[in-house]
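Just so it is clear: chains get the letters A, B, ... in the order the sequence lines come, proteins before strands, and each one is counted from 1. Predicted, not measured: the structure shown is a model, and the values here were computed from it.
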Number of protein chains: 2
Amino acid sequence: MLIFIEPESEKPIYQQIRDQIVEGIARGELLPGTGLPSIRQLAADFGINLHTVNKAYELLEREGFLQVRRKTGAVVQPTGKLAEDWEARLRTLLAEALAQGLPAEEILTRCQRVLSTLTDPGRTRQ
Amino acid sequence: MLIFIEPESEKPIYQQIRDQIVEGIARGELLPGTGLPSIRQLAADFGINLHTVNKAYELLEREGFLQVRRKTGAVVQPTGKLAEDWEARLRTLLAEALAQGLPAEEILTRCQRVLSTLTDPGRTRQ
DNA sequence: TATTTGTTATAGTTATTATATAACAGATAG
DNA sequence: CTATCTGTTATATAATAACTATAACAAATA
């Protein structure tokens, strides 16, 4: 699974790493048990500091996506527990679309399509 | 429409204000043409600085939810243009649920329910 | 036991968030 | 016309977040 970093993005680097790993898990590219590169390795690949990568792994562990151990490194191991505020965040995001006049059915269709691109293997993003 | 501020939240105050106004528009409580309190008024109500409120209004204007003019103040006036990165944010959020093993149908159901609570007048949040 | 891994500790830089004050400038109501 | 209310702009300050740089520590494992 490839990860791309945009250093100039307003989204923090550690958040970019976090989001892409979460998406990798969602797509089934990162299965439970899969080992991730060491923080030093990833940091070297991206040309960033190891603490930035560590911050991403720490966050992913707190969110219940990874288990991190010494020597073994980070291993994909979702707990199955969705973040408490997930639905609140969904609410805010969907409200944004409604507020701009997008019909609820259209919004739902988009959700469906996004879910498809995440679950259907081989389906290209669109 | 009532707005609640949690000063100790990790979510910035200006973002809290922004989110609640967007939700107010989505729910139809803030119709196009509705005037918002002046930045000094809101700041006084919340006991915060006027610049913090101004930052929220500025953001809402940039996002195309408000028109801000002198003397008139901020007026709800959605442009109908959804943010370019909206779908990317949706993608990240839905991926988070999938990654925790929530079935796509269950996720879609939740989207539907959230949309209902936003659009059905009188329906209590749940 | 040597090596690789994450962890912890310091320190410094830059950007963001929020505050406080003050002054400026346009629109409008009287 | 003018006073007043609006957002706007300008400084300044403080706290926190994000990122970097180095170094050392500690546990697991080959």
Nearest to the side chain of B:His51 - D:dT20, D:dC19, D:dT9? D:dT9
Tell me: CG of B:Asn54 to P of D:dT6, nearest whole Å? 13 Å
Pick the closest DNA chain C nucleotide for A:Gly73 and for B:Pro12 by heavy atoms, then say which residue is nearer the 5' end. A:Gly73
Which nucleotide wins on minimum distance to the side chain of B:Asn49, given the candidates D:dT20, D:dG7, C:dT21? C:dT21
How long is the line joining CD of B:Glu58 and C1' of D:dT6, in whole Å? 15 Å
Taken to the nearest whole Å, CG/B:Leu50 to P/C:dA23 is 15 Å
Over how many whole Å does the gap from B:Ile17 atom CD1 to C:dT17 atom C1' extend? 12 Å
For A:Pro32 and A:Pro78, which heavy atoms make the closest approach, and how far apart are they? CG-CD, 4.3 Å
Heavy-atom nearest nucleotide on DNA chain D for A:Pro7 versus B:Ala74: which residue maps closer to 5'? B:Ala74
Electrostatic pair B:Arg91:B:Glu87 at N-O distance under 4.0 angstrom: no
Below the 4.0 Å mark, does C:dT17 have OP1 or OP2 next to a side-chain nitrogen or oxygen of B:Tyr14? yes
What is the distance from CD1 of B:Ile5 to C1' of C:dA18, rounded to the nearest Å? 13 Å
Measure from the side-chain heavy atoms of B:Lys71 and tell me the nearest of C:dG26, C:dT21, D:dG7. C:dG26
Under 4.0 Å, heavy atoms only, any strand: does A:Arg69 hit a base, just the sugar-phosphate, or nothing? sugar-phosphate
Could you tell me the separation between the CD atom of A:Gln16 and the C1' atom of D:dA18, rounded to a whole number of Å? 12 Å
Can you see if the side chain of B:Lys55 gets near the phosphate of C:dT17 - specifically, an N or O under 4.0 Å from OP1 or OP2? yes
What I'd like to find out is whether the side chain of B:Phe65 reaches to under 4.5 Å of the side chain of B:Leu30, using heavy atoms alone. no
Between C:dA23, D:dC19, D:dA28, spot the one nearest the side chain of B:Arg40, thanks. C:dA23
Nearest of D:dG7, C:dT8, C:dA18 to any side-chain atom of B:Thr52? C:dA18
Of the options D:dT20, C:dA18, C:dG6, whose atoms approach the side-chain atoms of A:Ser38 most closely? C:dG6
A:Leu66 CG to C:dT7 P, in whole Å, measures 11 Å
Can A:Arg18 and B:Glu96 be counted as an ion pair, charged N to O under 4.0 angstrom? yes
Does A:Ile48 or A:Thr72 map to a spot on DNA chain D nearer the 5' end, using the closest nucleotide for each? A:Ile48
4.5 Å side-chain heavy-atom contact, B:Asn54 and B:Tyr14: no
Please give, in whole Å, the distance from D:dA17 P to B:Ile13 CD1? 13 Å
